[in-house]
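We name chains A, B, ... by the order of the sequence lines, and we start the count at 1 in each one. Hydrogens, waters and symmetry mates are skipped; everything else that's a heavy atom, side chains included, is used.
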Number of protein chains: 2
Amino acid sequence: MAGEGSVKVFGVQGSPFSCRVEIALKLKGVDFEYFEENLANKSPLLLKYNPVYKKVPTFVHNGNPLAESLVILEYIDETWTNFPLLPNNPYQRARARFLSKFIDDKCFPSVGKALWARDDKEAKENLKFLENELNGKKFFGGDTVGLVDIAGTCIAFWLPAIEEAVGAKLLTAKEFPKLCKWSHDYVNHPVVKEKLPPRDLLIAYFRG
Amino acid sequence: MAGEGSVKVFGVQGSPFSCRVEIALKLKGVDFEYFEENLANKSPLLLKYNPVYKKVPTFVHNGNPLAESLVILEYIDETWTNFPLLPNNPYQRARARFLSKFIDDKCFPSVGKALWARDDKEAKENLKFLENELNGKKFFGGDTVGLVDIAGTCIAFWLPAIEEAVGAKLLTAKEFPKLCKWSHDYVNHPVVKEKLPPRDLLIAYFRG
């Protein structure tokens, strides 16, 4: 089986991006060795495997390194084909890729801007766009967790923790009922839950 | 055949991103309707099909719209399977996705910084990384043009035109012999060549 062999993940507990990789592997039932990095003093292994970006997550399968969480998620999905993260239909696959990229390039940065710079116009428009995408589905992937849900870990779990840390509220049940329900269902999913960092740790980090 | 039906591309002639979509379709032999946009006065159709980003390229297949050039390229590759743009091997596919994202997120922006702000340290490191990836291959895809080559249109064709416009030189045969040979081979590829905009038009645009 293509998926066999040694799997290493270099991450930090507080990063929504390395958390994505752990969640995907756990959903697929893939065993892996986890290395917690100190970003102030990166390990020689991290620098060896990710010389361009030198950042987490870095993923290594049978000695072959990969960087960029969304690239890693697609590799995991193609290598371990049980519990598919991407839909079969090419257009739905493209939509899932688009939404994941939208979360990284547009939505999560605008949320940060809203909470720290207190300018929430753009963040609300972006969250409304995600809200409309859910449209009757439990998860972005349908009945089961998929690529967009995992990409959205930063919205489902990190965003409410940041809100609590900075004392602001953006993702309200009144304005975003579907996203709030999704966030609740996602962070309470038994596999996802097990891989999320302690909420208190995140709040303390963002307060600091 | 999944790939049949109506294909529309909304682009601007001077954009390396909309050019990518045209090149991929042409390589696959897919007929499409092209709509030249005026970015100062975007068409109602563009705004309808791409309400989030409102930008080019926007791609529509049988009424289903997609944005983001790399997402569109993967959709095209999955829908029209002749002349594959991505390798078969999952690790090589992931590397191709990583390199395409690297070109967009890191390499091309650093090139712009080098040529306009005259700070070329980062751009040279990034180009050197791409140079080393070629390593004996004619194209990043091997013997034939693939995803990374098409993503690299901005380096192969736009970069030399910008160099000429601003009177600076970054991609020299002395420092980057493999990239220079690749750039030459790529822009002279019969299909690619046909879809590149007139060089004079680009130079005039970047002078202005």
Less than 4.5 Å apart, any side-chain heavy atom of T79(A) and any of Y91(B)?
no

So with a 6.0 Å cut-off around NZ of K193(B), is the heavy-atom count from everything else above 12?
no

Greatest number of heavy atom pairs closer than 4.5 Å to chain B - which of N126(A), L70(A), L66(A), I72(A):
L66(A)

Just wondering, are more than 12 heavy atoms of other shown residues or ligands nearer than 6.0 Å to NZ in K178(A)?
yes

List for me each residue that meets side-chain contact (heavy atoms from CB on, under 4.5 Å) alongside K101(B), sequence neighbours excluded, and say none if there are none.
E68(A), V71(A), D105(B)

Take atom CG in N132(B); do more than 12 heavy atoms of anything else shown fall under 6.0 Å from it?
yes

Counting only heavy atoms not in D31(A) (residues, nucleotides, ligands), do more than 12 fall under 6.0 Å from its CG?
no

With a sphere of 6.0 Å drawn around NZ of K26(B), does it hold more than 12 non-hydrogen atoms of other residues, nucleotides or ligands?
no

Polar side-chain atom of Y75(A) near backbone of R93(B) as donor-acceptor pair, under 3.5 Å:
no

Check whether F98(B) gets within reach of chain A through its side chain, its backbone, both or neither, counting any heavy atom under 4.5 Å.
both

Taking a cut-off of under 4.5 angstrom between non-hydrogen atoms, the residues of residues 48-57 of chain A near chain B are V52(A), Y53(A)

Check whether more than 12 heavy atoms from other residues, nucleotides or ligands sit under 6.0 Å from atom CG of N88(B), and answer yes or no.
no

More than 12 non-hydrogen atoms from neighbouring residues, nucleotides or ligands closer than 6.0 Å to CG on D143(A), yes or no?
no

Who among K106(A), E125(A), R95(A) has the most heavy-atom pairs with chain B under 4.5 Å?
K106(A)

